[in-house]
Number of protein chains: 6
Amino acid sequence: MPKLIEYKDMSPRAKAVVDGIAQARGIDPADINNVWKGLARHPDVMERFAAEMKAAFAPGKLDPLTKELIYLAVSITNQCEYCIASHGAMARRKGMTEEMFEEFMAVVLAAQKGNKITMAYRVPVDPAFEEK
Amino acid sequence: MPKLIEYKDMSPRAKAVVDGIAQARGIDPADINNVWKGLARHPDVMERFAAEMKAAFAPGKLDPLTKELIYLAVSITNQCEYCIASHGAMARRKGMTEEMFEEFMAVVLAAQKGNKITMAYRVPVDPAFEEK
Amino acid sequence: MPKLIEYKDMSPRAKAVVDGIAQARGIDPADINNVWKGLARHPDVMERFAAEMKAAFAPGKLDPLTKELIYLAVSITNQCEYCIASHGAMARRKGMTEEMFEEFMAVVLAAQKGNKITMAYRVPVDPAFEEK
Amino acid sequence: MPKLIEYKDMSPRAKAVVDGIAQARGIDPADINNVWKGLARHPDVMERFAAEMKAAFAPGKLDPLTKELIYLAVSITNQCEYCIASHGAMARRKGMTEEMFEEFMAVVLAAQKGNKITMAYRVPVDPAFEEK
Amino acid sequence: MPKLIEYKDMSPRAKAVVDGIAQARGIDPADINNVWKGLARHPDVMERFAAEMKAAFAPGKLDPLTKELIYLAVSITNQCEYCIASHGAMARRKGMTEEMFEEFMAVVLAAQKGNKITMAYRVPVDPAFEEK
Amino acid sequence: MPKLIEYKDMSPRAKAVVDGIAQARGIDPADINNVWKGLARHPDVMERFAAEMKAAFAPGKLDPLTKELIYLAVSITNQCEYCIASHGAMARRKGMTEEMFEEFMAVVLAAQKGNKITMAYRVPVDPAFEEK
């Protein structure tokens, strides 16, 4: 079985998932991005991931760009090249300027350092930070 | 040498770092949080981390809460308990409601899944996502 | 020194390791897979890894496919492309069907989520789960 | 808001999730384990995780113990203490003997080593491992 | 079975491993550190880890302190509290001064940043760095 | 904006950073390695990383090769291909022989195993390892 399955070769269940995404984005299902072509052989996993992405990016209290930045921060920390490339591109489409990207990177890198410092020095949580 | 050094026992260089942070936050230097007490024996590392944090959270294009959420997303991904506790508390102080926290978690968890899916299925980056 | 060393160019100690693996698998030593060509310049590390792999996959209480799935679960979590590709292929050879692969992925992804949730919410271990 | 919410203090949606899990396991909802008490303030995330866990552990081609071992392998790799404790306990309940646990650990540790070796030596994927 | 097994309660194979370590370190076997008490129920894994540690720290081209620093760098990166505590203590015993520890931390933190930067910006490897 | 920016196309601030590095290394700024070309669009982040690298590798108590090995140990643990390639090359230039590299790998791999073992068996820190 090929690693990527083109839309025309997908099962009906996989096609239905892609149709939903394509319609929401206003694109041709044949132009769906690779992650869905990779998932197409596993319709249960695919449907669940599509539903989870839809729920995560549904309109709410956090604006769409903020959500993309959160997704990108996770992806950089996990070192996932595909997600860095795809959600980096989506963040730009949703308004991320080069200036915002630099600020974002400054926070991401400060966080990496803070994370490793508190582990290396085995810093105990301050009582003031505990939820009550 | 104790793991945590109280303000009164810090070297002049460490005290100066804490003074700067305490002044900016409007708190008593003796109430500085534990990460700085842990770092106090290493003034070079401490000064650099304080400067990096200050620069990362300086006013800019991204609002303060968005920056906290980015920091928190990295910390959850890296599984750093101290940073989850401290920046979770800071995000609340900067306006994160329970509703926003739930939306944030939904994006963070979708991203973890997206990251592992693209690695597991070895999905190649779409040409459309490449920077030009 | 080249990154990969072909069998014919290996040291006697490296050749002996490859001979052992090739014989167990019933293949020509020249067709050994790349990981052993990469390790060939470091015979101590190579011998130890070969011995560890042999012991881990020796007949026992867990069947060979279960062991491949455990190995693959670790490799996906660590995001190691080589190991995902090689042990994915081996799992198929040992009987993993597409249906089993989808079930496997469902568990792997649920575990990633469970891991991050318990860290993010800082969930303490239930006394009932402690070993006695 | 407390970090853990007891069953009696949960919202109706959270209670419904716990009721479903408690019924399936034949336990009192008040004895639900901590991860659900931690998630109870975020019903969307909670419902989705419960549904994902139910689907992942639904009867299928892989037996229940194999699924627990896969879950445990991910949790050890991600170094999630809660999940190691809880799914370690569940694996024992589903039949993992001490002997099987030792074999499992041997594979998990061999995989960690294989993952780091292939990255450190930058080993390219063998053409034979590519899916066709 | 208890999480930690005291020396007096260990199996003969586990005792033999501890005897070897205790003799090399000039300590009483009853004072062996916890990692060996935790491993004692799994003699195969225990023997293999003991042999691997002995080989890794055998006299060679790198001095003992350098090896401890390498071990500690890995442990901080993996965020393993036990190993940070134990190998931090061992590094001090082998001559690590507070000044050296600070220099070490500076390199560890610069590396974390370099790692995340090259991933975030998806930097391709320079041809000059490729092995020939 | 291209992923990599050549020296001739860099902003004055980015050029100044590269000039400093090139001068210290005795190379032509046009031959700067890729990480700096990737960072060139974000001068704040770039200046801070350059300053941090300079401080981390400044002459001190640890010799230059030891620092490279620490950097490389972090990079292998984080699985950063670029950093493994670049700092592997730098370690060789600073005197790492193939024999030393093998010893280094033996320690790195033993540490990975020790890290996962102590997490999997949930080993508590020995009181003797606590700092006083």
Side-chain angles (χ1 to χ4, degrees), chain A residues 3-4 31 33-35 37-39 45 49 52-53 55-57 60-62 66-67 69-83 85-89 97 99-100 103-104 106-119 121-126 128-131, chain B residues 3-4 31 33-35 37-39 42 45 49 52-53 55-57 60-62 66-67 69-78 80-83 85-89 97 99-100 103-104 106-119 121-126 128-131:
Chain A
K3 220 155 58 176
L4 296 183
D31 294 336
N33 49 316
N34 285 345
V35 66
K37 297 179 186 173
L39 272 174
V45 172
F49 182 49
E52 186 164 352
M53 286 296 279
F57 284 93
K61 299 295 177 191
L62 300 177
T66 297
K67 290 186 177 183
L69 295 178
I70 293 165
Y71 201 107
L72 194 55
V74 170
S75 303
I76 290 170
T77 308
N78 274 338
Q79 301 187 170
C80 174
E81 188 179 17
Y82 184 85
C83 303
S86 60
H87 286 273
T97 62
E99 232 179 324
M100 290 164 82
E103 283 187 26
F104 164 82
V107 178
V108 166
L109 294 174
Q112 309 289 354
K113 180 173 282 186
N115 290 181
K116 294 303 172 185
I117 280 175
T118 51
M119 296 302 296
Y121 293 91
R122 302 182 56 217
V123 182
V125 174
D126 297 77
F129 294 142
E130 295 292 352
E131 295 181 63
Chain B
K3 221 155 59 176
L4 296 184
D31 294 335
N33 49 318
N34 285 346
V35 66
K37 296 178 186 174
L39 271 174
H42 290 166
V45 172
F49 182 48
E52 186 164 352
M53 286 295 279
F57 283 92
K61 299 295 177 192
L62 300 176
T66 297
K67 290 185 176 183
L69 295 178
I70 294 165
Y71 201 106
L72 194 55
V74 170
S75 302
I76 290 170
T77 309
N78 274 337
C80 174
E81 189 181 15
Y82 184 86
C83 303
S86 60
H87 287 274
T97 62
E99 232 180 324
M100 290 163 83
E103 283 187 25
F104 164 81
V107 178
V108 165
L109 293 174
Q112 309 290 353
K113 180 173 284 186
N115 291 180
K116 295 302 172 186
I117 280 175
T118 50
M119 296 303 296
Y121 293 89
R122 301 181 59 217
V123 183
V125 175
D126 297 76
F129 294 141
E130 295 292 352
E131 295 181 60

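Proteins come first, then strands; the chains are lettered A, B, ... in the order of their sequence lines, and each starts at number 1.
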Report task. Please step through side chain to side chain donor-acceptor pair (under 3.5 Å) for the pair Asn115(A) and Tyr82(B), ending with a clear verdict. Result -> CA-CA 8 Å; Asn115(A) 290 181; Tyr82(B) 184 86; over 6 Å; no
Query raised in the report: So, for Phe49(A) and Lys113(B), which heavy atoms are closest and what is the spacing to 0.1 Å?
Result: CD1-CD, 3.5 Å
Query - Residue selection (most heavy-atom pairs with chain A, distance under 4.5 Å) from Val125(B), Val107(B), Asp31(B), Asp126(B) - result: Asp126(B)
Requested in this report: Between chain B and each of Ala73(A), Gly60(A), Ala110(A), count heavy-atom pairs under 4.5 Å; write down the option with the most.
Outcome: Ala110(A)
Report task. Can you tell which part of Ala85(A) gets under 4.5 Å to a heavy atom of chain B, answering side chain, backbone, both or neither? Result -> both
Query - Atom of Tyr121(B), atom of Gly38(A) and distance for their closest heavy-atom approach - result: CD2-O, 3.4 Å
**Report entry** Best-contacting candidate, Val45(B), Asn33(B), Val35(B), against chain A by heavy atom pairs under 4.5 angstrom
**Finding:** Asn33(B)
Query raised in the report: If you measure from CZ on Phe104(B) to CD1 on Ile70(A), what distance do you get to the nearest 0.5 Å?
Result: 5.5 Å
Report summary line: Okay, His42(B) and chain A: the region with an atom under 4.5 Å from a heavy atom over there is side chain
Report summary line: Looking only at Gly88(A), Ser86(A), Ala106(A), most heavy-atom pairs under 4.5 Å shared with chain B are made by Ser86(A)
Report summary line: If one checks every heavy atom of Gln112(A) against chain B at 4.5 Å, the contacting part turns out to be both
Query raised in the report: Just how far is it from atom NZ of Lys116(A) to atom CG of Asn78(B), taken to the nearest 0.5 Å?
Result: 5.0 Å
Report summary line: Counting heavy-atom pairs under 4.5 angstrom with chain A, the leader among Ala56(B), Ala111(B), Cys83(B) is Ala111(B)
Report summary line: Honestly, the part of Leu62(B) sitting under 4.5 Å from a heavy atom of chain A is both
Query raised in the report: Which distance, rounded to the nearest 0.5 Å, do you find between the CZ of Phe57(B) and the CD of Glu103(A)?
Result: 11.0 Å
Report task. Specify which of Thr66(A), Thr77(A), Thr97(A) makes the most heavy-atom pairs with chain B at under 4.5 Å. Result -> Thr77(A)
Query - Residue among Leu39(B), Val123(B), Val108(B) with most heavy-atom pairs under 4.5 Å to chain A - result: Val123(B)
Query raised in the report: Measuring from Arg122(B):CZ to Asn34(A):CG, what's the distance to the nearest 0.5 Å?
Result: 13.5 Å
Query raised in the report: Above 12 or not: heavy atoms from other molecules or residues under 6.0 Å from CD of Glu99(A)?
Result: no
Report summary line: Whatever's closer than 4.5 Å to a heavy atom in chain B on Leu109(A) counts as both
